[in-house]
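Taking it in order: structure first as structure tokens, then the write-up.
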Amino acid sequence: MAEKQGLPAHVGIIMDGNGRWARKRGLPRKMGHRAGANAFKEIARYANKIGLKYLTAYVFSTENWKRPKDEIDSIIALLRNYLDEMENYRKENIRVLFIGDRTVFDDDIQAKMRRAEEQSRNATGLTLILAINYGGRAEIAQAARRIAEDAAAGKLSPGAVDEAVFSRYLYTAGIPDVDLLIRPSGEYRLSNFLLWQTAYSEYVFMSGVLWPDFKPAMLDEALAEYRSRSRRFGGLSEADS
Ligand code: FPP
């Protein structure tokens, strides 16, 4: 098990490779997403067990609407089922949050999201953040729009808008930046995930595994890689200063 010391506060995961996992087995893509959802549940539970404070997973992007309708429907069906299981998280002391524009979803889904957030609000273990209908650019644009509205209404002075103020208008207000970003499956890109919050993240690309096969031991591997990195945030390392 990973040691608590040296754990990143916030890990982001791009759950990539569900489609290829299914294709390799001659299965429909939706079976890959189902296996991906199971992998996600196991990793969330493990992250809580080892004492991680924040885990954000990319479930559905603002660009994923370009996929065939039956694939989108299958991901939304998984989301619905998953939301129904979330009661268990209260017992496990996991706090759940959703980021992204949820207003496009059916009312029952929005109500289930609200309920999951409310019921888990006081949990003190892992904060599990699901990015759903999320896009980094859309997030930044909505923050800019709301800042402009507040400035026009006289609630905010334009001169007061700095990085800290801007952050408070993001979906992730109050959540620390991502320390470690993990992407399996051999794609080496951010795909519009947490653009602002990953400015100084360490990136770990794990090309040898597709998301449905991602196991807790692989999270440990990524955490060990993270611990071996020297983070300088634009400054100098201790050895150089
Ligand atoms: C990327 O793999 C994965 C997605 C776009 C969807 C992620 C969704 C899940 C893990 C399941 C839903 C989870 C919950 C918690 C409800 P891909 O389809 O792009 O894979 P490919 O690149 O191999 O085609």
Side-chain angles (χ1 to χ4, degrees), residues 11-48 52 54-89 92 94-102 104-106 108-117 120 126-136 138 181-194 205-216 218-219 222:
V11 174
I13 302 188
I14 300 178
M15 304 188 288
D16 195 17
N18 296 348
R20 277 162 285 166
W21 183 94
R23 196 171 59 230
K24 267 172 58 182
R25 290 163 176 76
L27 296 169
R29 292 179 60 83
K30 66 178 179 190
M31 298 305 282
H33 294 312
R34 184 191 290 183
N38 288 336
F40 166 73
K41 291 176 206 170
E42 188 181 9
I43 291 299
R45 206 157 269 141
Y46 182 67
N48 186 40
L52 197 71
Y54 296 90
L55 177 68
T56 302
Y58 209 2
V59 176
F60 195 84
S61 78
T62 45
E63 288 70 39
N64 286 151
W65 298 106
K66 295 178 198 153
R67 296 192 177 206
K69 186 176 177 311
D70 66 331
E71 181 172 347
I72 293 171
D73 287 348
S74 72
I75 295 175
I76 292 177
L78 283 169
L79 175 63
R80 235 191 209 101
N81 286 341
Y82 180 60
L83 286 166
D84 287 334
E85 291 170 14
M86 276 189 167
E87 294 247 327
N88 298 331
Y89 280 160
E92 294 178 41
I94 295 178
R95 177 166 77 125
V96 186
L97 296 174
F98 300 93
I99 58 171
D101 177 8
R102 63 180 83 178
V104 297
F105 293 110
D106 289 345
D108 73 302
I109 291 190
Q110 292 188 50
K112 287 176 207 275
M113 286 179 173
R114 258 196 320 274
R115 195 186 58 196
E117 286 175 332
S120 67
L126 174 73
T127 296
L128 181 62
I129 303 155
L130 286 86
I132 297 178
N133 193 27
Y134 173 88
L181 188 280
I182 302 170
R183 182 167 193 159
S185 98
E187 310 290 354
Y188 301 92
R189 55 179 172 257
L190 200 46
S191 300
N192 205 14
F193 186 49
L194 299 175
F205 294 103
M206 302 176 84
S207 58
V209 58
L210 300 171
W211 175 252
D213 291 326
F214 200 93
K215 295 281 176 290
M218 295 168 189
L219 179 58

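For ligands, and for the atoms within them, numbers begin at 1 and follow the listed sequence.
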**Asked** Counting only heavy atoms, which portion of Arg29 has something under 4.0 Å from ligand 1: side chain, backbone, both, or neither?
**Response** side chain
**Message:** Under 3.5 Å between any N/O of Glu187 and any N/O of ligand 1: does that happen in this structure?
**Reply:** no
**Item:** Nearest-neighbour protein heavy atom for atom 1 (C) of ligand 1, which is reported as residue plus atom name and distance
**Value:** Met15 O, 3.2 Å
**Asked** Is the shortest distance from a Lys or Arg side-chain nitrogen in Lys112 or Glu87 to a carboxylate oxygen in the other one below 4.0 Å?
**Response** no
**Asked** Is the closest N or O pair between Tyr82 and ligand 1 shorter than 3.5 Å?
**Response** no
**Message:** Any carboxylate oxygen within less than 4.0 angstrom of a Lys/Arg side-chain nitrogen, looking at Glu187 and Arg20?
**Reply:** yes
**Request:** Between Leu210 and ligand 1, find which residue part has any heavy-atom pair under 4.0 Å and reply side chain, backbone, both or neither.
**Result:** neither
**Asked** Hey, which atoms in ligand 1 end up nearer than 4.0 Å to a heavy atom of Leu79?
**Response** 16 (C)
**Message:** Below 3.5 Å, N or O to N or O, backbone or side chain included: is there any such pair between Tyr58 and ligand 1?
**Reply:** no
**Request:** Would you indicate which of Asn38, Ile14, Val59 comes nearest to atom 8 (C) of ligand 1 when only heavy atoms are counted?
**Result:** Val59
**Message:** Whether Lys30 and Asp73 form a salt bridge (side-chain N of Lys/Arg under 4.0 Å from carboxylate O of Asp/Glu) is what I want to check.
**Reply:** no
**Request:** Check whether any N or O atom of Trp21, backbone or side chain, sits under 3.5 Å from an N or O atom of ligand 1, and answer yes or no.
**Result:** no
**Request:** Return a yes/no value for Leu78: is any of its N or O atoms, backbone included, closer than 3.5 angstrom to an N or O of ligand 1?
**Result:** no
**Prompt:** For ligand 1, which atoms have a heavy atom of Asp16 less than 4.0 angstrom away?
**Reply:** 1 (C), 2 (O), 17 (P), 19 (O), 20 (O), 22 (O)
**Item:** ring pair (Phe, Tyr, Trp, His ring centres under 6.0 Å) partners of Phe40, counting only residues at least two apart
**Value:** Tyr82
**Message:** Checking the N or O distance criterion of under 3.5 Å, is ligand 1 in contact with Arg67?
**Reply:** yes
**Complete:** the protein heavy atom lying closest to atom 13 (C) of ligand 1 turns out to be Ala37 CB, 3.8 Å
